[in-house]
Amino acid sequence: MPAYDNAAIATALDDFGDLLEIAGEDRYRFLSYHKAAHAVRAWDEDIMATALAGRLTEIPGIGTKIAAIIESLLKSGVFPGMDEVTSRVPASVIELMRIQGLGPKKAKVLFDELAIASIEDLEEAIAEGRLTGLPGFGVKTVENISEGIDRYRTLSARILLADALPLAEKLAEELRTLPGVVEADYAGSIRRMKETVGDIDVLVAAEDGPAVMAAVRELPIVTEVLLSGETKTSVMTTSGRQADVRVVSPECWGAALQYFTGSAEHNVHMREIAKSRGLKISEYGVFRVADDERVAGNTEEEVYAALGMPTMPPEVREDAGEIELALEGRVPDLVTTDDIRGDLHSHTTATDGRSTLEQNRARAAELGYEYLGCSDHAYDLRMVGGLDLADLEAQWAKIDELNALTDGGPVLLKSIELNIGDEGGVDYSEEVLARFDYCIASLHHGFSQSREQATRRLLVAMENPYVDIIGHPTGRLLGRRDPFDLDMEAVIAKAAETGTVLELNAHPERLDLNDVHLRMARKAGVRIAIDTDAHEAMQFGQLRWGVATARRGWISAAEVLNAQPLSSMLSALKRNRATR
DNA sequence: GCCGTTTTCGGCCCGACTGTTTTCAGTCG
């Protein structure tokens with residue numbers, strides 16, 4: 001029986017919606033499945049728990065029908081109605097819609113007329129020239145589809161935020177130097193700081209749009225122009241990534257920035273509210289429907305204010321409750337990098353780090369940190385030379401020595417990154433564990449273990465009174481390794497019960513916990529530690545990606561362990577709590 | 001299919017670009 005979590009349910013609903021669309025069903029019917037999918041993805045409780053409590057219809061966009069589908073999926077793995085739809089359109093046709101330029105209508109024509117049901121079928125048909133003469137498939141369209149297949153093959157992987165953001169900044173910078181450009185900035189999922197992004201959205205304010213579009217096509221960073229009109233140009237860049245550049249007149253800057261920052265779901269919800277109040281929002285501004293009078297749009301603040309809302313940070317614009325909050329006049333209080341007082345997870349040359357303790361300390365001092373946790377790998381991680389007792393004594397002596405300095409540097413804390421064994425045990429005896437200031441414990445092996453075993457390992461580890469923090473809890477590496485199959489509801493409940501802190505590992509490939517898990521943790525009252533897991537001193541700068549993800553998870557400074565001053569940080573640790 | 005300080009029925013977000021359909025449909029974000 002496949003275990004359905006929120007993401008799996010959402011994918012099933014999305015697929016079903018796609019199939020209904022290709023099958024030519026009513027627009028609002030298939031849209032409701034996509035809407036429900038998005039709501040499930042953003043829901044900060046395990047869908048199974050919600051279903052067991054009979055509260056599925058409390059999820060916005062889920063009524064009795066979709067609730068019944070979810071219940072059936074959870075109970076028996078059966079999607080009611082799926083057989084009927086797949087008898088008309090095979091599920092593999094969904095794949096065709098992943099090609100840029102190929103939507104449901106064309107996918108349906110390809111299937112109905114030529115029985116094309118996969119990208120392989122499509123390539124074959126194009127090679128044999130079977131698409132010529134098909135209504136709606138002219139020479140240019142077929143050419144575009146061919147190129148779309150190539151792009152799908154080579155670029156299906158999304159780009160890490162940490163790689164995309166510098167590119168977007170560079171592009172925006174180049175655009176700002178163009179004559180007539182008043183403002184230029186990146187928008188889209190990059191501005192929302194999503195952990196991975198598909199393409200790069202940059203917005204320009206200028207009076208003469210066509211002139212700017214012409215200049216964009218000639219930028220040195222551009223290798224190919226995919227499309228270009230008076231207000232929008234899509235290009236391939238030297239980095240092999242697609243960028244969409246749009247130009248608006250300067251007085252529309254705020255409305256356009258709001259519009260192109262998204263998310264799509266956030267905007268749809270905004271426009272629905274606008275409509276119910278006799279207003280209309282577009283990238284050009286907020287308009288009264290009655291007389292087409294423009295009432296706002298110069299700044300983002302104006303746009304939100306026109307709907308009676310404060311401006312919410314881009315990171316939370318996912319239609320995950322932020323609009324309802326804003327309608328009450330509130331915005332989530334989010335942690336910032338300035339709130340961070342120290343890093344609790346770092347490695348040195350004693351194991352697999354590339355900087356010394358002194359170098360790490362110097363960098364932490366530059367960042368103005370109050371404390372720095374030295375957490376090299378523990379004994380059982382033999383391949384990186386995990387520390388034995390003698391190594392620990394040596395490191396502690398060094399730490400004592402550095403802490404005796406009066407140069408205003410950060411306090412070094414004696415820590416360790418323990419390995420969680422197959423039964424939840426860790427590297428050292430309790431006697432040794434008690435000598436650390438605190439301990440982090442992480443899963444480092446057994447990625448193919450069952451959900452039961454992997455989850456049990458974490459639960460047992462958290463029962464250990466000396467395991468204060470769980471490091472990179474799900475173990476994912478974006479685009480490279482799937483997370484452990486974990487019952488996150490149980491993990492978070494156990495963290496809350498035992499007072500264990502969960503790490504938000506700030507490494508751009510990890511960002512683990514993710515935004516959804518962070519919201520679950522926050523709801524359960526679990527503290528978060530935002531750590532870089534730095535393996536060299538320069539990597540302390542990666543904290544920004546962790547803070548960005550924390551903000552996406554609605555985390556405030558009060559909920560972040562290492563946003564507290566040293567004394568209260570220490571007294572918040574599980575091992576130092578008065579009652580255990 | 002969902003939903004309700006207009007509504008339990010009749011609505012359901014907005015606009016640009018492309019290619020081909022002589023006036024607009026399909027796709028995208």
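Chain naming here is simple, since letters A, B, ... match the order of the sequence lines and numbering starts at 1 in each.
If you measure from atom CG of A:Leu203 to atom P of B:dG15, you get 17 Å, rounded to the nearest angstrom. The CG-P distance, from A:Asp292 to B:dG15, rounds to 9 Å in whole Å. For A:Lys232 and B:dC28, the NZ to P distance is 10 Å, given to the nearest whole Å. Distance, A:Leu257 CG to B:dG29 P: 19 Å, rounded to whole Å. When rounded to the nearest whole Å, the span between CG of A:Leu56 and P of B:dC3 equals 12 Å. One atom, CG of A:Asn144, and another, P of B:dG26, lie 17 Å apart when rounded to the nearest Å. For the pair A:Glu272 CD and B:dG11 C1', the interatomic distance rounds to 11 Å; values are reported in whole Å. The NE2 atom of A:His266 sits 15 Å away from the P atom of B:dC14 (whole-angstrom rounding).
With P as the reference atom, B:dC12 and B:dT7 are 16 Å apart, rounded to whole Å. The same atom, P, is picked in B:dT23 and in B:dC28; the two are 25 Å apart, to the nearest Å. With both ends at atom P, the span from B:dT6 to B:dC2 equals 23 Å, rounded to whole Å. The gap from the C1' atom of B:dT20 to that of B:dT27 amounts to 14 Å, rounded to the nearest Å. Remark: the separation of the C1' atoms in B:dG10 and B:dG15 is 25 Å, to the nearest Å. Taking the C1' atom of each, B:dT8 and B:dC3 are spaced 9 Å apart, rounded to whole Å.
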Under 3.5 Å, sequence neighbours excluded: what are the donor-acceptor pairs made by side chains of residues 282-291 of chain A?
residue, atom, partner, partner atom, Å
A:Ser282, OG, A:Tyr284, N, 3.0
A:Arg288, NE, A:Asp291, OD1, 3.2
A:Arg288, NE, A:Asp291, OD2, 3.4
A:Arg288, NH2, A:Asp291, OD2, 3.1
A:Asp291, OD1, A:Glu293, N, 3.1

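Within the 4.0 angstrom heavy-atom criterion, only backbone atoms of the sugar-phosphate kind lie near A:Ile99; the bases stay farther away. A:Val248 comes within contact range of no nucleotide atom at all, as no heavy-atom separation falls under 4.0 Å. A:Lys35 comes within contact range of no nucleotide atom at all, as no heavy-atom separation falls under 4.0 Å. Within the nucleic acid shown, A:Ser234 has no heavy atom closer than 4.0 Å to any nucleic acid atom. Within the nucleic acid shown, A:Pro104 comes within 4.0 Å of sugar-phosphate atoms alone, with no base atom in reach, counting heavy atoms only.
The side chain of A:Ile66 sits closest to B:dG1 out of B:dC12, B:dG29, B:dG1. The listed nucleotides are B:dG1, B:dT18, B:dG29; the one nearest the side chain of A:Leu227 is B:dT18. Here the side chain of A:Lys106 is nearest to one of B:dG29, B:dG26, B:dC2, namely B:dG26. Counting only heavy atoms from C-beta on, A:Ser32 has its side chain closest to B:dG1 among B:dA16, B:dG1, B:dT20. Candidate nucleotides B:dG29, B:dG15, B:dC14 were compared by shortest atom distance to the side chain of A:Lys275, and B:dC14 ranks first. Checked against B:dA16, B:dC17, B:dG29, the side chain of A:Tyr284 finds its nearest nucleotide in B:dA16. Minimum atom distance to the side chain of A:Glu230 is reached by B:dC17, of the listed B:dG1, B:dC17, B:dG26. Listed nucleotides: B:dG26, B:dA16, B:dG15. Nearest to the side chain of A:Lys105: B:dG26.
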request  = Would you sort out whether A:Arg552 and A:Glu318 count as a salt bridge (Lys or Arg N to Asp or Glu O under 4.0 Å), showing the intermediate values?
outcome  = CA-CA 9 Å; A:Arg552 288 181 56 79; A:Glu318 298 290 344; 3.0 Å; yes
Check: Given A:Arg88 and A:Glu25, is the salt bridge (Lys or Arg N to Asp or Glu O under 4.0 Å) satisfied, shown in steps?
Finding: CA-CA 11 Å; A:Arg88 289 187 284 157; A:Glu25 287 286 327; 3.2 Å; yes
Checklist line | Test log, rule salt bridge (Lys or Arg N to Asp or Glu O under 4.0 Å), inputs A:Arg317 and A:Glu300 | finding: CA-CA 13 Å; A:Arg317 299 184 196 171; A:Glu300 263 194 336; 2.8 Å; yes
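Ion pairing between a basic and an acidic side chain is recognised when a charged N comes within 4.0 Å of a carboxylate O; A:Arg481 and A:Glu509 show no such pairing. Classification of A:Arg130 and A:Asp121 as a salt-bridged pair fails, no side-chain N sitting under 4.0 Å from a carboxylate O. Salt-bridge check for A:Lys35 with A:Glu272: passed, with a basic side-chain N closer than 4.0 Å to an acidic carboxylate O.
Residues A:Val303 and A:Tyr259 have side chains not in contact (no heavy-atom distance under 4.5 Å, counting atoms from C-beta outward). A 4.5 Å side-chain heavy-atom check between A:Leu102 and A:Leu122 finds at least one atom pair inside the cut-off. At a threshold of 4.5 Å between non-hydrogen side-chain atoms, the residues A:Phe137 and A:Val109 count as touching.
Residue A:Thr231 places no side-chain N or O under 4.0 Å from the OP1 or OP2 atom of B:dG15. A:Ser228 has no side-chain polar atom (N or O) that falls below the 4.0 Å cut-off from OP1 or OP2 of B:dC17. One finds no side-chain N or O of A:Lys108 lying less than 4.0 angstrom from the OP1 or OP2 phosphate oxygen of B:dG26.
Residue A:Gly138 is the one, among A:Gly138 and A:Gln100, whose nearest nucleotide of DNA chain B lies closer to the 5' end (criterion: closest heavy atom). Nearest-nucleotide assignment on DNA chain B puts the 5′-proximal partner with A:Val268, out of A:Val268 and A:Val139.
Near DNA chain B, meaning a heavy atom under 4.0 Å away, the residues from residues 18-31 of chain A are A:Asp26, A:Tyr28, A:Arg29.
B:dT27 is paired with B:dA16 under the Watson-Crick or G-U wobble criterion, all donor-acceptor distances under 3.5 Å.
A donor and an acceptor atom sit less than 3.5 Å apart, one in the side chain of A:Tyr259 and one in the base of B:dG29.
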